[in-house]
Amino acid sequence: MDIKQKIVEFDEVNSTNDELKQLALAGEPEGCVVVAKRQTAGRGRSGRYFYSPDSGIYMSILLRPKAVGFDATAATAAAAVAVAKAIGKQAEIKWVNDVLVDGKKVCGILAEAVFGTSAKPDFVIVGIGINCYTPAGGFPDEIKNIAGAVFEPGEGDSEQLRQAVLDQFFALYSSGKTKIAREYRERCVTLGKRIEVQRGEEIITGTAVAVGDDFKLLLRTDAGKVVWLCSGEIHT
Ligand code: BTN
């Protein structure tokens, strides 16, 4: 399946996910990618703000999945693998959707599915934000201990990285969930680690033992239970 990429570039938008959603609602076909040099209201998971200065890549990819079960979670996993492969060996995936280099988060992913009347989404928007360089003046205080950059100053090529991510992403998307899950596990640094996860009021600790083909994380808790996690912030 060869998907035609159509790149729509902006200097500045509120959020590339929101910009692409308008195009999708107007009927834009699968493969459309909105790219911006910066975002004024970049969105992260759990309604958080995503800091999006000039030193990064901000893009959103439109999918209209035909395969049943190719949902926002699968799209998120495919994007994480695509970014990790495009960056190279030094990149690792922290379940569920962070890409790390040297233990620092260099990329965040926010996939959003829009449903009509069927159980399958009408479309999925996969938003990817990559810190190519450390911003002038450094990362803001709230994220300075967890955020990192892919390139050292004066090195690397953001446009090349962006295209490599897109090419990897569409190849993975065409290959299906089983292959994506295999490649995801190979790069998932969470596997085998002791983790802590907040579930409602409760904090559960245990060891991450597997990632399923549906990208759920299997946790063997210290209390001896087995729990499948489908989302949530984990701490390693
Ligand atoms: C996260 O780590 O919380 C997810 C961050 C996702 C950020 C990207 S940047 C491109 C796209 N547009 C947005 O508003 N958000 C996503």
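One-based numbering, in listed order, for ligands and for the atoms of each. The chain is numbered in sequence order, starting from 1.
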Output yes when the distance from some N or O of ligand 1 to some N or O of Y58 is under 3.5 Å, and no in every other case.
-> no

Output the list of atoms in ligand 1 that are nearer than 4.0 Å to some heavy atom of M59, sorted by atom number.
-> 10 (C)

Determine whether the side chain, the backbone, both or neither of D18 has a heavy atom under 4.0 Å from any heavy atom of ligand 1.
-> neither

Just let me know how N97 lines up against ligand 1, side chain, backbone, both or neither, with a heavy-atom cut-off below 4.0 Å.
-> neither

Using a strict cut-off of 4.0 Å, indicate which atoms of ligand 1 neighbour a heavy atom of K105.
-> 1 (C), 2 (O)

Residues K216, D214: salt bridge by 4.0 Å N-O rule | yes

Close-contact set for ligand 1 against G42 heavy atoms, below 4.0 Å | 14 (O)

Y133 side-chain N/O to G154 backbone N/O, donor-acceptor pair under 3.5 Å = no

At what distance is the nearest protein heavy atom to atom 5 (C) of ligand 1, and which residue and atom is it?
-> F50 CD1, 3.4 Å

Would you say the side-chain atoms of N17 pair up with the backbone N or O of E112, donor to acceptor, closer than 3.5 Å?
-> no

One finds that the ligand 1 atoms under 4.0 Å from a non-hydrogen atom of R43 are 5 (C), 6 (C), 7 (C), 13 (C), 14 (O), 15 (N), 16 (C)

With D213, which of K177, R185, R182 fulfils salt bridge (Lys or Arg N to Asp or Glu O under 4.0 Å)?
-> R185

For G129, take its heavy atoms, then give the atoms of ligand 1 lying under 4.0 Å from any of them.
-> 8 (C), 9 (S)

L219 pairs by side-chain contact (heavy atoms from CB on, under 4.5 Å) with which of V226, T190, I204?
-> I204

K37 with D11: basic N within carboxylate O range, under 4.0 Å = yes

Nearest non-hydrogen protein atom to atom 12 (N) of ligand 1, with distance, is Q39 OE1, 2.9 Å

To the nearest 0.1 Å, how far is atom 3 (O) of ligand 1 from its closest protein heavy atom, and which atom is that?
-> R45 N, 2.7 Å

Taking 4.0 angstrom as the limit, do D18 and K21 come out as a salt bridge?
-> no

Does even one non-hydrogen atom of R48 get within less than 4.0 Å of ligand 1?
-> no

Considering all heavy atoms, the nearest I180-V81 contact = O-CG2, 4.1 Å

At a 4.0 Å threshold, what atoms of ligand 1 neighbour a non-hydrogen atom of T16?
-> 10 (C), 11 (C), 12 (N)

Find all atoms of ligand 1 within a distance of less than 4.0 Å from any non-hydrogen atom belonging to I109, and give their numbers and elements.
-> 4 (C), 5 (C), 6 (C)

Anything under 30° is parallel, anything over 60° is perpendicular, the rest tilted; go ahead and classify F169 against Y173.
-> parallel

Go through ligand 1 atom by atom and flag the ones less than 4.0 Å from a non-hydrogen atom of G44.
-> 1 (C), 3 (O), 4 (C), 5 (C)

Tightest non-hydrogen contact, residues T134 and A149, listed as N-CB, 3.4 Å

